[in-house]
Amino acid sequence: EVLLVAGASTPTLRAAIRKAGMLKRAGYTPMSLVIMAWAAWAVATCSYPISRLAIYHSLQARGGCAGDVLLEFTTYCTLADVDLYIDTFGALEAFLWLLLFANTPWDRRGFAARALVTLVGGGLTVLFVPFK
């Protein structure tokens, strides 16, 4: 409606309005999709760092890393794991995205929501669908 009043509409937009009427809530994105996609992103990136820190602190508290350590436990006795830091960075990205999304005006959230749902959906598909 604003584009029509301002004279900035396109022939395609005018044709769509003639056929369908005024396009109310054309940019509406269900918040449930955003919440589910963000939660999947946050869980996928937070689960590994949290479990690694829990194992590390558990071994440290029981003295499992003192003295002679079995070879399979040496990985858990240090935090020098690249995957740990990559996933931690991903978790920070998820929380930063949420902060930016919360401070974005309502009329501009549609693009961010669609990008999140598309990227997280595609990423989780690649992550969980086995390829042979």
Side-chain angles (χ1 to χ4, degrees):
E1 182 177 319
V2 174
L3 293 175
L4 289 174
V5 172
S9 65
T10 64
T12 307
L13 181 61
R14 286 192 295 272
I17 290 173
R18 272 194 304 273
K19 289 182 180 179
M22 291 305 288
L23 303 174
K24 295 193 184 278
R25 297 180 62 146
Y28 173 74
T29 303
M31 288 304 290
S32 60
L33 286 176
V34 175
I35 292 168
M36 291 301 293
W38 183 86
W41 182 18
V43 167
T45 57
C46 288
S47 60
Y48 182 67
I50 290 171
S51 65
R52 274 300 305 273
L53 290 173
I55 292 169
Y56 173 78
H57 287 297
S58 173
L59 286 172
Q60 293 293 330
R62 290 184 290 146
C65 293
D68 293 332
V69 178
L70 295 173
L71 185 59
E72 58 266 14
F73 290 130
T74 57
T75 303
Y76 298 111
C77 289
T78 65
L79 293 177
D81 183 8
V82 174
D83 291 338
L84 175 69
Y85 296 107
I86 290 172
D87 276 354
T88 303
F89 183 70
L92 289 174
E93 285 178 334
F95 287 103
L96 180 62
W97 185 92
L98 184 64
L99 182 68
L100 290 173
F101 186 75
N103 290 315
T104 301
W106 278 101
D107 61 339
R108 296 185 181 182
R109 287 186 181 182
F111 173 76
R114 282 189 299 276
L116 174 73
V117 170
T118 302
L119 293 175
V120 169
L124 290 177
T125 300
V126 169
L127 184 65
F128 291 115
V129 173
F131 292 102
K132 291 185 179 189

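Scope of the values below: all heavy atoms of this structure, side chains included, with no hydrogens, waters or symmetry mates.
For Arg109 against Phe101, the heavy-atom pair with the smallest separation is NE-O, 3.2 Å. Contact detail for Thr45 and Ala91: the closest heavy-atom pair is OG1-CA, 3.3 Å. Nearest heavy atom pair, residue Ala37 against residue Val120, reads O-CG1, 3.5 Å. The minimum heavy-atom distance between Leu84 and Pro49, with the atom names listed, is CD1-CA, 3.4 Å.
No more than 12 heavy atoms of other residues, nucleotides or ligands lie within 6.0 Å of CZ in Phe89, so this atom counts as exposed by the packing criterion.
Rounding to the nearest 0.5 Å gives a distance of 5.5 Å between CG of Asp83 and CD1 of Ile86. Separating the CD1 atom in Ile50 from the OG1 atom in Thr88 is a distance of 9.0 Å, to the nearest 0.5 Å.
One hydrophobic cluster, built from ILVMFWY side chains closer than 4.5 Å, holds both Leu98 and Val34. Trp38 and Val117 are assigned to two separate hydrophobic clusters, defined by single-linkage of ILVMFWY side chains at heavy-atom distances under 4.5 Å. Tyr48 and Tyr85 fall within a single hydrophobic cluster, where Ile, Leu, Val, Met, Phe, Trp and Tyr side chains are chained together by heavy-atom contacts under 4.5 Å. Both Trp97 and Met31 are assigned to one and the same hydrophobic cluster, defined by single-linkage of ILVMFWY side chains at heavy-atom distances under 4.5 Å.
Among residues at least two apart or in separate chains, salt bridge (Lys or Arg N to Asp or Glu O under 4.0 Å) pairs with a member in residues 39-55 are Arg52-Asp81.
With contacts defined as side-chain heavy-atom distances shorter than 4.5 Å, the pair Phe95/Trp41 does not qualify.
Under the 3.5 Å distance criterion, the side-chain polar atoms of Ser58 are left unmatched by any main-chain donor or acceptor of Ala54.
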